[in-house]
Amino acid sequence: MSERTAEPARPRTVLLRGGEVHSPADPFATAMVTEGGSVAWVGEEGAADSFADGVDEIVHLDGALVTPAFTDAHVHTTATGLALTGLDLSGARTLPEALNLVRRYADDRPADKVLLGHGWDAARWPEGRPPLRTELDEATGGRPLYLTRVDVHSAVVTTALLDLVPGIRELAGFHADAPLTGDAHHAVRAAAHATVTPAQRAGAQAATLAHAVSLGIGTLHECAGPEISSEDDLTALLARAAEGSGPRVVGYWAELITNAKDADRIRELGAVGAAGDLFADGSLGSHTAHLHAPYADAAHTGTAHLDADAVAAHVAACTEAGLQAGFHAIGDAALTAVTDGVRAAAERVGLGRVRAARHRIEHAEMLDEATIAAFAEFALTASVQPAFDAAWGGGSGMYAQRLGAGRARTLNPYAALLRAGVPLALGSDSPVTPLDPWGTIRAAVFHRTREHGISARAAFTAHTRGGWRAVGRDDAGVLVPGAPADYAVWRTGDLIVQAPDERVERWSTDPRSGTPGLPDLTPGQDLPVCLRTVVGGRTVYERPNE
């Protein structure tokens, strides 16, 4: 419960007390004071009494846990909102179930010009195949439908949508009886998204932002770009976020630049970098990630969108303009091209300048010793999604189907990245996998390939402080005096401390460790429930009836 007084003209002060405050400043902290948008003090309950008479609000935590708010370092906000408010097939367990969901959605949305849906994954279905165009034509009654695979790198569509895109059948990536990829996919996506009204877009963005803060997420990194969304979509989202009623949004625009004028245009959009989903390749699920050796279940090596020369030109131009560069790179060949390109850029503009720019790579799944060493050498941030491994890893998962068990075991080597000193920032790539910060940390700790898992403390840091570091802020994502007052309050069980290189059998509730505890994230245990989220000292979410 909170005790409130009249709003003062000076910066507003809040005392939180009677809980557990996760802070490196004091591992035994039970209280915290914020002033305006910053943390002013962290300490123990006895000292909190001296603040009680001088604050504007007292929050009685009743044993709740206070942590820094999470940063999700890779999100597609509008697409996430459309999935939250529209047709979401991620829960469909069979092909007939998916078709029934399409049929019901079409019946419920008679006025939509194009039906939009997301999330099918034929690798999980017993039928082992995506829906046929004829099946979707029947389910929609012949209406236009755009339905993306869970990785958003391919889509199935109806004949009516194809008819809206002149020349679609001549574009690369068009398949008469298979999902569309490449140029054909981009063309149908542009046609489908062009039908989204400003009101629909605003509603989708609002849904995502509200959902994020309900999960204790205080910052989103929006990975926008000309092949993903639109300039209007990004600028509208950044304007909405600037109103201050939800999470912070940091924008990236995925477009190659070659000079200072290009860099200025990126800044005019409000983006902090020409990065995010600037595609060096595609995805494993859609067979478009670029590999050195062919897929185990397809006689090709995927698709290369950028070579080392293009990467080098982009990184050099961004570095000279003081702008972050970054790339989407999943396959080992794509990651080799990216790191070779960054090396060439460093030779051109200087290693120190490249390192200082904190360029970033999204996904970075098929790494080997050489590419990990390059990440460390050039101070590249690995913006990774542990839920990918939870969804598709393991001996019989999608990764093993696409690559064979041996190559699949090498994917997402988070422990090796940390040992090499590579900074990590965790995210979801929502709507590819859901916004779920504690579930993301659990997936990083309990990696399906045991040697790649990391400690809960390291994963927590990567999902809080790591996201801030990825945008050049070293003073945030941690509850210490002077840091931004971005925090979340959680109902959870006992807090425990995990030994660095083991799993649950080495966790302890012993407070003498001197390390702030974290919730027990063992699979099967309930995850913490968010009670309140605060961004810049402003409460942006309070759980109802608490």
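Side-chain atoms of His452 and Asn412 form no donor-acceptor pair, as typed in the model, at a separation below 3.5 Å. Side chains of His363 and Gln385: a donor on one and an acceptor on the other come within 3.5 Å. Inspection of the His305 and Asp281 side chains reveals no N or O donor paired with an N or O acceptor under 3.5 Å. No side-chain donor-acceptor contact under 3.5 Å links Thr208 and Thr80. Under 3.5 Å, the side chains of Asp340 and Thr336 contain no donor-acceptor pair of N or O atoms. Side-chain contact annotation: Tyr146 with His185, donor-acceptor N/O pair under 3.5 Å present. At a cut-off of 3.5 Å, with distance as the only test, no side-chain donor of Glu362 or His328 sits close to an acceptor on the other residue. Looking only at atom types and distance, the side chain of Ser90 has a donor-acceptor partner in the side chain of Asp88 under 3.5 Å away. Neither side chain, Ser383 nor His221, offers a donor N or O lying under 3.5 Å from an acceptor on the other. Side-chain contact of Asp332 with His290: a donor-acceptor pair under 3.5 Å is absent, judged by distance alone.
Between His463 and Thr71 there is no side-chain heavy-atom pair separated by less than 4.5 Å.
Between the side chain of Trp120 and the main chain of Ala98, no donor-acceptor pair closer than 3.5 Å is present. Proximity of a side-chain donor or acceptor of Arg348 to a complementary backbone N or O of Ala316 within less than 3.5 Å is not detected. Side chain of His359 to main chain of Gln324: no donor-acceptor pair is present (N/O by atom type, distance under 3.5 Å, no hydrogens or angles). Distance alone, capped at 3.5 Å, places no donor-acceptor pair between the Asp121 side chain and the Arg149 backbone.
The shortest non-hydrogen separation linking Gly331 to Ala289 is N-CB, 4.0 Å. The nearest pair of heavy atoms linking Arg240 to Ala202 is NH2-CB, 3.3 Å. Contact between Pro434 and Ser428 at its shortest, heavy atoms only, is O-CB, 3.5 Å. The shortest non-hydrogen separation linking Ala241 to Val249 is CB-CG2, 3.5 Å.
Cation-pi geometry between Arg360 and Tyr252 is satisfied (NZ or CZ under 6.0 Å from the ring centre, within 45° of the ring normal).
Salt bridge Arg343/Glu377: present, at least one basic N to carboxylate O contact under 4.0 Å. Between Asp262 and Arg265, none of the side-chain N atoms (NZ, or NE/NH1/NH2) sits under 4.0 Å from a carboxylate O, so this pair counts as no salt bridge.
The distance from atom CD of Glu365 to atom OG of Ser283, rounded to the nearest 0.5 Å, is 9.0 Å.
Evaluation of the side chain to side chain contact (heavy atoms under 4.5 Å, CB included) rule for Asp475 yields Arg473 as partners, not counting sequence neighbours.
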### Task
Take Glu222 and Thr77 through the test side chain to side chain donor-acceptor pair (under 3.5 Å) and record every step on the way to the result.
CA-CA 7 Å; Glu222 167 67 13; Thr77 304; 2.7 Å; yes
